[in-house]
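Take a look at the structure set out below.
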Amino acid sequence: MGILFSSTYARKAPPSSPTLADLPESCVASIIGYMDPPQICKLAMLNRTFRAASSADFVWESKLPPNYHVLIAEIFDQSVQNNHSKRAIYASLCRLNSLDEGNKKVWLDRSTGKLCMCISSKGLSITGVDDRRYWNRIPTEESRFHAVAYLQQTWWFEVIGEVDFPFPAGTYSLFFRIHLGRAGKRFGRRVCNTEHVYGWDKKPVRFQLWTSDGQYGSSQCFLKEPAKWSFYHAGNFTVVNGNVSTKIKFSMTQIDCTHTKGGLCLDSVLIYPSEFRKVKAFLNHSLAS
């Protein structure tokens, strides 16, 4: 009787409830394909099914820029494309990849897959930069490139740069990263000497950009807010075809020779997608990463 009751109970026992581990891997991959990369990486830690699904090539190919094959050829050698998964390619493009002997950094924003570029002051043409009476290269921890160009004094201020790169299709903004005053550390705390900052309130500085397909942008303003890093907008440009290089020329000038100016640190030029609306938040986070 006991044996019969036990067998009957076993036959009528309700089945166990399904868990996340029971979901088909292909189904999980289709779902997480709609999520952004940080969310996908978090879900990959749930279990084996999610970990395997998060590595699917079609999931990560949808996160890569449409012209990622061109970017790989520009930044890496062919082995990266041939021997790596799409997830590994995405991770590689999100790193700070160096170009032009380290004077340029290119990376994808981890959350959006949008391309950004930073150009060191060493990668710019600066009038008189080799004359130590006017300019110096000073080391600093506050630059991604570990050094900035410091202007002591000049009459003629002109900075020109060029970029020739296959930017993915979209609209981009170009900024100059500038600091009035010379920052340093004393007893472990940040200090800034603004004693030698002068002349920037006399005439505005002009920022401009040109592209090879005829686009133009410009702005001008007085340089303000000493003792802090500021981003000055030169203009926007739009890329239609990401499979060919877009050539951009940009400049920062103050060439009114009626007065001298000095006490300025020029760090870099930053190019990033214009759709990133929270400019300062993005720039500060980007340059700290």
Side-chain angles (χ1 to χ4, degrees), residues 100-105 117-163 173-186 189-210 216-237 248-271 279-280 283-284 287:
D100 188 21
E101 299 181 348
N103 290 327
K104 293 185 179 72
K105 303 286 187 183
M117 176 182 285
C118 196
I119 305 145
S120 166
S121 61
K122 288 185 178 180
L124 306 174
S125 176
I126 304 174
T127 300
V129 73
D130 295 323
D131 192 327
R132 294 296 174 263
R133 293 174 298 173
Y134 307 115
W135 288 89
N136 281 311
R137 300 282 185 187
I138 59 174
T140 175
E141 297 176 359
E142 297 185 3
S143 170
R144 171 172 285 143
F145 299 96
H146 310 296
V148 298
Y150 177 71
L151 172 65
Q152 299 179 109
Q153 64 170 349
T154 190
W155 292 87
W156 185 280
F157 181 87
E158 185 176 42
V159 179
I160 298 174
E162 288 188 2
V163 171
S173 298
L174 188 146
F175 282 80
F176 282 78
R177 186 175 189 247
I178 297 165
H179 187 286
L180 292 180
R182 183 166 178 169
K185 283 191 175 182
R186 183 178 299 166
R189 299 183 63 182
R190 186 183 192 270
V191 294
C192 185
N193 183 356
T194 60
E195 179 183 356
H196 303 292
V197 177
Y198 65 96
W200 303 108
D201 57 344
K202 305 292 184 183
K203 295 285 184 178
V205 175
R206 183 164 189 155
F207 303 91
Q208 299 179 86
L209 71 80
W210 305 261
Y216 173 72
S218 70
S219 66
Q220 62 178 20
C221 62
F222 292 95
L223 303 189
K224 301 177 180 179
E225 299 183 296
K228 62 180 290 188
W229 288 104
S230 298
F231 299 90
Y232 291 90
H233 183 220
N236 298 338
F237 63 94
I248 308 147
K249 184 177 180 179
F250 46 88
S251 69
M252 171 185 174
T253 56
Q254 214 288 26
I255 54 179
D256 185 325
C257 294
T258 60
H259 66 283
T260 58
K261 39 263 178 187
L264 177 144
C265 287
L266 173 61
D267 173 40
S268 57
V269 169
L270 182 65
I271 300 173
V279 177
K280 290 185 178 180
L283 292 174
N284 292 334
L287 289 167

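Because only heavy atoms are used, hydrogens play no part in the values below, and waters and symmetry mates are left out as well, while side chains stay in.
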What I'd like to find out is whether the side chain of [X] reaches to under 4.5 Å of the side chain of [Y], using heavy atoms alone.
{"X": "Ser268", "Y": "Arg144", "value": "no"}
{"X": "Ile126", "Y": "Leu151", "value": "no"}
{"X": "Cys221", "Y": "His233", "value": "no"}
{"X": "Asn236", "Y": "Ser173", "value": "yes"}
{"X": "Ile138", "Y": "Arg182", "value": "yes"}
{"X": "Phe250", "Y": "Val269", "value": "yes"}
{"X": "Ile271", "Y": "Phe237", "value": "yes"}
{"X": "Lys122", "Y": "Phe145", "value": "no"}

(Q) For a quick test of reading the model, state the closest non-hydrogen atom pair linking Thr154 to Trp156 and the distance between them. (A) OG1-O, 3.1 Å
Taking only residues two or more places apart in sequence, or in another chain, which ones meet [X] in a side-chain contact (heavy atoms from CB on, under 4.5 Å)?
{"X": "Ala147", "answer": "none"}
{"X": "Thr194", "answer": "Cys192, Val197, Pro226, Ala227"}
{"X": "Glu142", "answer": "Thr140, Ala183, Arg190, Trp229"}

Q) Is the backbone N or O of His196 less than 3.5 Å from a side-chain atom of Gln152, with the two atoms forming a donor-acceptor pair by type? A) no
Q) Is the number of heavy atoms from other residues, nucleotides or ligands under 6.0 Å of Arg189 CZ greater than 12? A) no
Q: Step by step, work out the side-chain contact (heavy atoms from CB on, under 4.5 Å) result for Met117 and Val163.
A: CA-CA 10 Å; Met117 176 182 285; Val163 171; 3.7 Å; yes
Q | His146: side-chain hydrogen bond (donor to acceptor under 3.5 Å, both in side chains) partners, not counting sequence neighbours | A | none
Q. Partners of Arg133 by side-chain hydrogen bond (donor to acceptor under 3.5 Å, both in side chains), sequence neighbours excluded?
A. Asp131
Hey, can you pull the donor-acceptor pairs under 3.5 Å for the side chains in residues 251-264, sequence neighbours left out?
{"from": "Gln254", "atom 1": "OE1", "to": "Asp256", "atom 2": "N", "distance (Å)": "3.1"}
{"from": "Gln254", "atom 1": "OE1", "to": "Lys261", "atom 2": "NZ", "distance (Å)": "3.2"}
{"from": "Gln254", "atom 1": "NE2", "to": "Lys203", "atom 2": "O", "distance (Å)": "3.4"}
{"from": "Gln254", "atom 1": "NE2", "to": "His259", "atom 2": "NE2", "distance (Å)": "3.4"}
{"from": "Asp256", "atom 1": "OD1", "to": "Thr258", "atom 2": "N", "distance (Å)": "2.9"}
{"from": "Asp256", "atom 1": "OD1", "to": "Thr258", "atom 2": "OG1", "distance (Å)": "2.6"}
{"from": "His259", "atom 1": "NE2", "to": "Gly199", "atom 2": "O", "distance (Å)": "3.2"}
{"from": "Lys261", "atom 1": "NZ", "to": "Trp155", "atom 2": "O", "distance (Å)": "2.8"}
{"from": "Lys261", "atom 1": "NZ", "to": "Gln254", "atom 2": "O", "distance (Å)": "3.3"}
{"from": "Lys261", "atom 1": "NZ", "to": "Asp256", "atom 2": "O", "distance (Å)": "3.0"}
{"from": "Lys261", "atom 1": "NZ", "to": "His259", "atom 2": "O", "distance (Å)": "3.4"}

Point-to-point distance, once rounded to the nearest 0.5 Å, from [atom1] of [X] to [atom2] of [Y]:
{"X": "Phe222", "Y": "Asp201", "atom1": "CZ", "atom2": "CG", "answer": "7.5 Å"}
{"X": "Leu270", "Y": "Leu174", "atom1": "CG", "atom2": "CG", "answer": "8.0 Å"}
{"X": "Lys104", "Y": "Ser120", "atom1": "NZ", "atom2": "OG", "answer": "9.5 Å"}
{"X": "Leu266", "Y": "Ser143", "atom1": "CG", "atom2": "OG", "answer": "9.5 Å"}
{"X": "Glu162", "Y": "Trp210", "atom1": "CD", "atom2": "CH2", "answer": "10.0 Å"}

Q: Step through it carefully: locate the ring centre of Trp200, locate the ring centre of Phe157, and say whether they are under 6.0 Å apart.
A: yes
(Q) In terms of relative ring orientation, are Phe175 and Phe231 parallel, tilted or perpendicular, with 30° and 60° separating the classes? (A) perpendicular
Q.
Between Arg137 and Ser121, is there a side-chain donor-acceptor contact under 3.5 Å, judged purely by atom types and distance?
A. yes
Q: Give the C-alpha distance, both sets of side-chain angles, the deciding distance and a yes or no for side-chain contact (heavy atoms from CB on, under 4.5 Å) between Glu225 and Leu180.
A: CA-CA 7 Å; Glu225 299 183 296; Leu180 292 180; over 6 Å; no
